[in-house]
Structures are given as C-alpha cells and as structure tokens.
Colleague: 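Quick one: structure below, then a few questions.
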Amino acid sequence: MLVSNHCVKKLYFSSGSISLEGFECLARGLSRNNSLESIDLSYTNMTDDCVIALVDGIRTNKTLKCLDLSGNSALSQSGRAAIERLMGYNVLRWLSLERTYSVSASILTNGLSDNHSLEKLNLDEAFVRGE
C-alpha cells in the first residue's frame with residue numbers, strides 16, 4: 001500500500017496492537033514511500049525487533065518528518081541503538097519518545113550530535129531508569 005500510494009500524508013496506529021510481521025511490512029513500505037510525512041505509533045507495544053525493523057525501513061525514506069513512538073515499552077540496548085541510528089538520519093523534524101524509558105546518555109550525545117534536522121524532540125519520561 002505505501003509503495004504505490006502517493007497521496008497519504010499521515011498514518012495513525014496509536015494504541016493498536018501491531019505484530020512484528022506488521023512492523024516489518026510497514027518498514028518495507030516506508031523504505032519505498034515518497035509521500036508519507038507523519039506516522040503515529042504511540043502505545044503500540046513495540047519490542048526491540050519492531051523498533052529495529054521500523055528504523056531500517058525509515059533509513060531510506062526522505063519524506064517522513066514526524067514520528068511518534070510515545071508510550072512504548074522500555075527497550076533493551078539493541079532497541080536503544082536503533083533509536084540512536086534513527087536520530088542520525090537527518091530527515092525527521094519532530095520525534096516523540098515520551099514514556100518510552102528508552103533514551104540513554106549515548107542517544108543524546110551521539111544521536112543528537114549527528115542530527116541537523118530535528119526541531120522538536122519530546123523526551124518526557126523517556127530516560128532509561130537509573131540514568
């Protein structure tokens with residue numbers, strides 16, 4: 001759907017349950033889509049594998065400006081590393097990681113130092129506990 005559709009600008013999946021296979025399909029579509037500007041994946045119970053698949057799909061997307069990952073479960077090191085890569089893509093203008101408990105010091109130092117596009121970053125209750 002996302003590959004051939006050139007009209008959809010925003011997708012909302014908030015509070016929906018999406019399987020790993022669903023995230024992998026979404027990632028494939030995002031990698032070849034050239035119209036989508038905003039996607040809301042808040043509270044979708046993303047796992048590390050889901051985040052990694054999504055970030056891999058976004059890697060080649062040049063139109064996605066807004067991404068909401070709020071309210072997803074705490075991620076392990078591999079999920080946090082994917083978030084760090086995401087911040088380095090320099091396409092996103094707005095990113096919300098609110099209530100993800102997935103932001104570590106390395107994300108802020110490495111990810112943001114390489115990013116020159118983010119204009120808004122929501123980190124409310126996003127830090128890894130203990131950091």
Side-chain angles (χ1 to χ4, degrees):
M1 169 193 86
L2 289 176
V3 175
S4 61
N5 185 294
H6 302 287
C7 298
V8 174
K9 301 286 185 202
K10 296 180 182 184
L11 282 177
Y12 298 92
F13 290 106
S14 182
S15 300
S17 181
I18 303 173
S19 66
L20 174 58
E21 293 78 21
F23 274 105
E24 290 170 344
C25 288
L26 178 62
R28 281 192 301 275
L30 284 170
S31 70
R32 291 175 263 180
N33 178 274
N34 60 9
S35 65
L36 192 64
E37 296 175 358
S38 177
I39 188 165
D40 183 346
L41 294 167
S42 61
Y43 299 92
T44 53
N45 299 316
M46 295 177 78
T47 64
D48 289 318
D49 291 335
C50 295
V51 172
I52 292 166
L54 180 71
V55 170
D56 286 345
I58 291 173
R59 179 183 63 225
T60 57
N61 184 291
K62 302 298 182 206
T63 60
L64 191 67
K65 305 288 185 237
C66 302
L67 179 61
D68 190 345
L69 301 178
S70 300
N72 285 291
S73 61
L75 300 174
S76 70
Q77 184 58 37
S78 61
R80 290 193 300 269
I83 296 288
E84 186 176 325
R85 284 194 316 274
L86 175 67
M87 288 186 171
Y89 291 156
N90 287 312
V91 174
L92 289 176
R93 301 275 185 251
W94 183 85
L95 175 62
S96 180
L97 297 170
E98 179 182 8
R99 293 189 175 125
T100 60
Y101 307 106
S102 300
V103 176
S104 65
S106 69
I107 286 176
L108 289 179
T109 56
N110 298 331
L112 287 177
S113 66
D114 295 334
N115 187 290
H116 304 288
S117 66
L118 272 177
E119 297 170 359
K120 184 176 178 181
L121 178 60
N122 184 347
L123 297 174
D124 289 342
E125 298 181 50
F127 289 92
V128 173
R129 294 198 165 119
E131 284 204 22

Colleague: Could you verify whether a donor N or O on one side chain and an acceptor N or O on the other, from Asp68 and Ser70, lie under 3.5 Å apart?
Modeller: yes
Colleague: Is a side-chain donor-acceptor pair under 3.5 Å present for Ser31 with Asn61?
Modeller: no
Colleague: Tell me, yes or no, whether the heavy-atom count around Lys9 atom NZ, taken from other residues, nucleotides or ligands under 6.0 Å, exceeds 12.
Modeller: yes
Colleague: Should Leu67 and Leu123 be regarded as members of a common hydrophobic cluster, given that ILVMFWY residues are connected when their side-chain heavy atoms come within less than 4.5 Å of each other, either directly or indirectly?
Modeller: yes
Colleague: Is it the case that the side chain of Thr100 and the backbone of Gly71 share a donor-acceptor pair, with hydrogens and angles ignored and the cut-off at 3.5 Å?
Modeller: no
Colleague: Quick check: does any side chain N or O of Asp40 sit under 3.5 Å from a backbone N or O of Tyr12, one acting as donor and the other as acceptor?
Modeller: no
Colleague: Could you tell me the separation between the CZ atom of Phe13 and the CD1 atom of Ile39, rounded to the nearest 0.5 Å?
Modeller: 5.5 Å
Colleague: So which heavy atom on Asn72 is nearest to which on Met46, and how close?
Modeller: OD1-N, 3.0 Å
Colleague: Distance only, no hydrogens: is a donor on one side chain within 3.5 Å (strictly under) of an acceptor on the other, for Thr63 and Asn34?
Modeller: no
Colleague: Within the 4.5 Å heavy-atom criterion, are Asp56 and Arg85 side-chain neighbours or not?
Modeller: yes
Colleague: Is the shortest distance from a Lys or Arg side-chain nitrogen in Glu37 or Lys65 to a carboxylate oxygen in the other one below 4.0 Å?
Modeller: no
Colleague: To the nearest 0.5 Å, what is the distance between CG (Leu26) and CG (Leu30)?
Modeller: 4.5 Å
